[in-house]
Amino acid sequence: MTRGVWGWITTVDHKRIGILYGVTAFVFLLVGGFEAALIRLQLARPDGAVVSAGTYNELFTMHGTTMVFLAVMPLNAAFFNYIVPLMLGARDVAFPRLNALSYWIFLFGSLFLNASFFVNAAPNAGWFGYANLTAKQFSPGANIDFWVISLQLLGVSSLIAGFNFIVTILNMRAPGMTFMRMPVFVWMTLVTQFLIVLAFPVITVGLILLLFDRFFGTNFYNPGAGGNPLLWQHLFWLFGHPEVYILILPAMGIVSEVLPTFARKPLFGYPVVVYSGMLIGLFGFGVWSHHMFTVGLGAVVDSAFAVGTMLIGIPTGVKIFNWIATLWGGRIRLTTALWFALGFIAMFLMGGLSGIMHAAPPVDMQQQDSYFVVAHLHYVLVGGSLFGIFAGLYYWWPKMTGRMLSERAGRWNFWLMFVGFNVTFFPMHFLGLLGMPRRIYTYAGGLGWDLWNLVSTVGVFILALGILVFIGNAVASLRSAAPAPADPWDGRTLEWAVSSPPPEYNFRNIPTVHHRDELWALKAGRAPVEAAPPPPREIHLPPPSFYPIVVAAGVVLAATGALTHLALVVAGALVVVFGAYRWAFEYRSSLGGGLRPPSDASPRGLRGQSPRSSGPR
Amino acid sequence: MTTPHEAVIGSTGLDHRKMGVWAFLGSECMFFGSLIATYLVYKGRSPSGPTPHEILNIPLTSISTFVLLMSSLLMVLALAAVQRGDALGARLWLFGTPFFGMIFLGFQVYEFATFVREGLTLQVNLFGASFFVLTGFHGAHVSVGVVWLLTLWTLALRNRLTRADALIVEIAGLYWHFVDIVWIVIFTLVYLIQ
Amino acid sequence: MTQHPPVRTYLLVAAVLAVITAVEVSLFYVTVMARFLAPLLIVLSAAKFSLVVMFFMHLRSDHRAFTGLFVGPLAIAIAIILALMALFGAFVVARP
């Protein structure tokens, strides 16, 4: 493994890329959280004057965009990258260099989006960018251009990762790992990737049309010339609703791994949980117009989408019952990971219930654009996705870092976040029902909103304290915590069969899987213990490559050119073409048409720990 | 694109790259589906002309459609040639396919130039906008395919495309045929059903 | 590796594609059929589409996984096109 900064820049190792995703996304979680804190400070009192109206628009736009695209999605991607190949019993993903390309485009796209702050042109039309707010006529600055282009970049990154993980999961399962033996987290990753590759092209087209409207004077969203702003809403929510499941399904997968491990019993109704996840994904494409009930699409359309939306409640509810039944009668170990998983179930359930409320168009028409919806979506995305991600962080941290986290600090972390989260967002239900609209930068006193706004703002700081405890816990763990054993939680899945952190090649011998909870079965002697084949003399690993970052740099250079000068677009395109060709012939030129093991796969790669607890030997 | 062969056959017995390309083409269905939906939704909604009826040149486009269709035939002939190790056939058809692609693009450039001269632009009405964006993105896909296939052709010229490399030709072919079937749909929905 | 159809099949398919295209273009000029023109043309182009996918892209003989990866998204894409057309009133017959 190449060391130092160069090693990280050229890495194609899924574990390193996973860590890159995790660290970057966590930084953006803090950035998005900081934006949220400013929003809450502004709203703490009536007639707040912390920020101006214009800045406020930028803050809520960037908060939403950041949390969705730069924090939660890539935090999930960190787990996809690090954990999925290990769970599959694979040595890497199907396309290691494309994996690196995904990360670099994500990083550059994120920086591109946030660079808008430095030229005083942060996006300001909401994370959904409704037409005509985004029209050149009403938003002549570069704000929306930054938003459109960086979303395209992030979309490309997600799409590439999507193809990569679909192939990885379908095609790189260890021998014996049938689909119905795949861990649920892998299943939910697979469903998520299908949602990504099917939903992102739609927003890509929506953004292309917007781009043409803004750059080339077309009238796709201009009603003055026969265009229809509703087309944007349809295209956006055709993407946007599957996107909600892209954010939540991985968390459901994490929780489905954490609960059985700490209840010490197999997941209740595994096939039902898997099929429910697939149904949620499929239905996700048929409910987008429930974001548009107040548009006036008519009673028939509204009814159809209301029924579809309520139907999604069924597989979701089924999952919740399965999780509860998994706990039922288990010998429960209340670790921090399990606390977060329990918090996930409770909070996601509440978010789901308020969601079912506005699945009914008449109710939705009352709640539309009010703080009730803000409460709902944060229960799903913070209480749901983020708590699930934290459950995953506490669960897999030892595997990823080789160090244990403090359970004591973890408990503080959980309870501060849990209390802070509820203090922040529960009052928003009341605020919404009291008529407070979303996205207003200030409000007059005496409307009955003062108290709950103040409470909500206080909650943010409790929540932030919880995050701070996590950072402290993480730093202390990396500095001085005890080394983690290979299998600290008595795990069920293959990632716990290798050392913590795993060796570069993951598995000395690719394991053969006989059981859904393979490791438990092995440890209990229920799976055949085969005589280990001798360890291979050399293990072929993909060599590091410089070209992913070159291509990503070219892409972002071209994107910068779109905002500045055509010459940069051409230069960026040339860099992309150059990088792509060198990439395509990287192995070919050195191989001369033949086969040769990658230079990196020297026997020194075999040094490293033997599977501690119970590798298949 | 090329990695040691043994590393890319997965647990289903299928090649990673081919599976990846099929997943990509599925995603492309959604991309072109959204563009086609945009075109159809705005069909007949332009407040002013030129209209499709006034401007689309069916004889001309029929020829270019036929050329693109036949390029798909050349593509499968190229694949068959590489698969049986016929170097001469590979060189011939791997040039013929992108050459036909370039003829198609030439027709498209001519068509676009004529339309602009006759007053159909991106800005003039919704038909112009949705027509140029839809067919333009299709043309961009054809261009990428042309570059891809010409690259394979140069490999074939230098005898670096052997039977063992049939898969990379097949993958390029899958992309090429997909671009062709998108045009089959566009030709019917945009040109013939006005 | 699956056995690909021989060159003869390719030529035959190409001939059928050419004939269908010729029929499509001539239908365009036959005005008596105007009422059935759209459905007829859609059926013909769907036939061409299927021929290319089944024979030139080998889905007829290739692994089912590829068919699933392609046809699933294709179905969703078609459903979305139809849904959007319906939502924008494309199927509403204008009354004089």
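Convention: sequence-line order gives letters A, B, ...; per-chain numbering from 1. FYI, side chains are in, hydrogens and waters are out, and symmetry mates aren't considered; it's all heavy atoms of this structure.
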Kindly indicate whether the side chain of [X], heavy atoms from C-beta on, has any atom under 4.5 Å from the side chain of [Y].
X	Y	value
C/I42	B/I193	yes
C/I80	B/M30	yes
C/F70	B/F178	yes
B/S72	C/F55	no
C/K48	B/I181	no
B/L73	C/L11	yes

What part of C/F66 gets within 4.5 angstrom of chain B, counting heavy atoms only: side chain, backbone, both, or neither?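 For C/F66, heavy atoms of backbone and side chain both lie under 4.5 Å from chain B.
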Qualifying salt bridge (Lys or Arg N to Asp or Glu O under 4.0 Å) pairs, either residue in residues 72-89 of chain B, two or more places apart: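 Every pair satisfying salt bridge (Lys or Arg N to Asp or Glu O under 4.0 Å) with a residue in residues 72-89 of chain B: B/R84-B/D86.
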Which heavy atom of [X] sits nearest a heavy atom of [Y], and at what distance?
X	Y	answer
C/A77	B/C29	CB-O, 3.6 Å
B/G33	C/I81	O-CG1, 3.4 Å
B/L69	C/A18	CD2-N, 4.4 Å

Sub-4.5 Å heavy-atom contacts with chain C: which residues of residues 35-46 of chain B show up?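 If one takes a 4.5 Å heavy-atom cut-off, the residues of residues 35-46 of chain B near chain C are B/I36, B/A37, B/L40, B/V41, B/R45.
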